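Scroll down for the structure; my scribbles are underneath it.
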Amino acid sequence: MKAIVYREYGSPDVLKLEEVPTPTPLDDEVLVKVRAASINSWDWDQLRGIRGFTRLSGFRKPRNNILGVDIAGVVEAVGKDVSQLQSGDEVFGEVSKRFISLGWGGFAEYACPRGSSMTLKPVNMTFDQAAAIPQVGALALGGLRYNGDIRSGQKVLMNGAGGGVGTFVVQIAKSFGAEVTGVDSAEKLEMLSALGADHVIDYALEDFTLNGQRYDLIIDVAASRSTFDYKRALSPGGAYGVIGGSQIRFFQTLFLGFGISKFGNKKMGTVSPKPNEGLDFIVELFEAGKVAPIIDKRYPLSEVAEAFRYFGEGHVKGKIVITM
Ligand SMILES: NC(=O)c1ccc[n+]([C@@H]2O[C@H](COP(=O)([O-])OP(=O)(O)OC[C@H]3O[C@@H](n4cnc5c(N)ncnc54)[C@H](OP(=O)(O)O)[C@@H]3O)[C@@H](O)[C@H]2O)c1
């Protein structure tokens, strides 16, 4: 089969289209003919290998040589322990197999995820849409559920609202009747308003932690400020869940958040849902017309390197999909 392979960390130039053996499913796995995959910031970090976490897959060289955690496709064979799926099923999901998202392989004609990690794709959802959902959908839902269910009228702020996670958060929070503020760069604000955001903030022009507003829930994929800055922007009883951003800020909230949450009336901490957590609920929201993935661009498998270059420029609105 054809796959995009990388054997060293680096720029998108290290990604090569190669012919590799088609994988064989283990007893608990399924063989999926991939129809679409999508790029996540996780893949971008794994490609470059420059952040602490990302070298867990191999300190000098990557051990998982095919990137791509999100796929949508058609089941072609099932392992003997998989009873819930059969050949011909149209499925999607995050293919990560173990702790810290190891074992990918989505940027290829075939992948072998565990059967339990695949969800049946609704007929009215395209393969492209399905591939754009799994990782960011789970993270978005994890953020929105960080302090219990969203209630109508709650003030929710999404920091980094224009990317994969944020575009889901804005739509889902609005569907629950929240008052939503989206923070991102100027070029993404029009899209956020179109998605239903009540207020938008250009992070280059305004620091939302200093504008005097207070929020019931802040979800952050672009943490860059001190934990105490974010705490100041929370209303009494409010919560701040950090999903990503600066590693220093992420770990600062991990450690300080415990004490702040235990001894005060605000909750602060990190959000790390399991792969595919809540995907069934996102399917329900999709079928009810309350959420749909935002796809900025599509690239064929042979142009994955080009797709990563575009991702790296930081202009992506929502997601980039790879089509097979
Ligand atoms: N916790 C976990 O278990 C886990 C697992 C996997 C991934 N992650 C994290 O999840 C996140 C994925 O988010 P995503 O898919 O939405 O990423 P994304 O698509 O890259 O979107 C991030 C958005 O943040 C914006 N941004 C950048 N700097 C900002 C700032 N200072 N203030 C406000 N917005 C800013 C970017 O806009 P511009 O580029 O235009 O500035 C972009 O629109 C990443 O942070 C990743 O590290 C966490």
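Side chains are part of it too, since the values below use all heavy atoms of this structure and drop only hydrogens, waters and symmetry mates. Every number for a ligand or one of its atoms is a count from 1 in the order of the listing. As the structure is a prediction and not an experimental result, all values here were calculated from the model.
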Contact check: [X] vs ligand 1, nitrogen or oxygen atoms, below 3.5 angstrom:
X	value
D184	yes
D45	no
V271	yes

Which ligand 1 atoms, with their elements, are less than 4.0 angstrom from a heavy-atom of [X]?
X	result
G314	38 (P), 39 (O), 40 (O)
I243	1 (N), 8 (N), 9 (C), 10 (O), 48 (C)
G164	14 (P), 15 (O), 16 (O), 19 (O)
G162	43 (O)
G245	45 (O)
K188	36 (C), 37 (O), 38 (P), 39 (O), 40 (O), 42 (C), 43 (O)

With K267 as the cation and Y146 as the aromatic partner, state whether NZ or CZ is under 6.0 Å from the six-membered ring centre and within 45° of the axis.
yes
Taking the six-membered ring of Y230, is NZ or CZ of R249 closer than 6.0 Å to its centre and within 45° of its axis?
no
Could [X] and [Y] be called an ion pair, given the rule that one side-chain N must be under 4.0 Å from one carboxylate O?
X	Y	result
D216	R151	no
R309	D13	yes
D27	K80	yes
K297	E303	no

My understanding is that we take every heavy atom of each candidate and find the minimum distance to [atom]. Doing that for [options], which one comes out nearest?
atom	options	answer
atom 40 (O) of ligand 1	G166, G182, S38, S185	S185
atom 14 (P) of ligand 1	V165, V69, L139	V165
atom 22 (C) of ligand 1	V221, D296, D202, D207	V221
atom 30 (C) of ligand 1	Y203, F168, F208, W44	Y203

Side chain, backbone, both or neither: the part of V136 lying under 4.0 Å from ligand 1 by heavy atom
side chain
Answer side chain, backbone, both or neither: which part of S41 comes under 4.0 Å from ligand 1, heavy atoms only.
side chain
Out of curiosity, does V78 fall in the hydrophobic cluster containing V74 (side-chain heavy atoms, cut-off under 4.5 Å, transitive links)?
no
For the hydrophobic clusters of this structure (ILVMFWY residues joined by side-chain heavy atoms under 4.5 Å, transitively), does one cluster hold both I243 and I133?
yes
Minimum heavy-atom distance between K231 and I260, given as atom pair plus value:
CE-CG2, 3.7 Å
Considering all heavy atoms, the nearest F59-Y9 contact
O-CE1, 4.0 Å
Whether N159 lies under 4.0 Å from ligand 1, heavy atom
yes
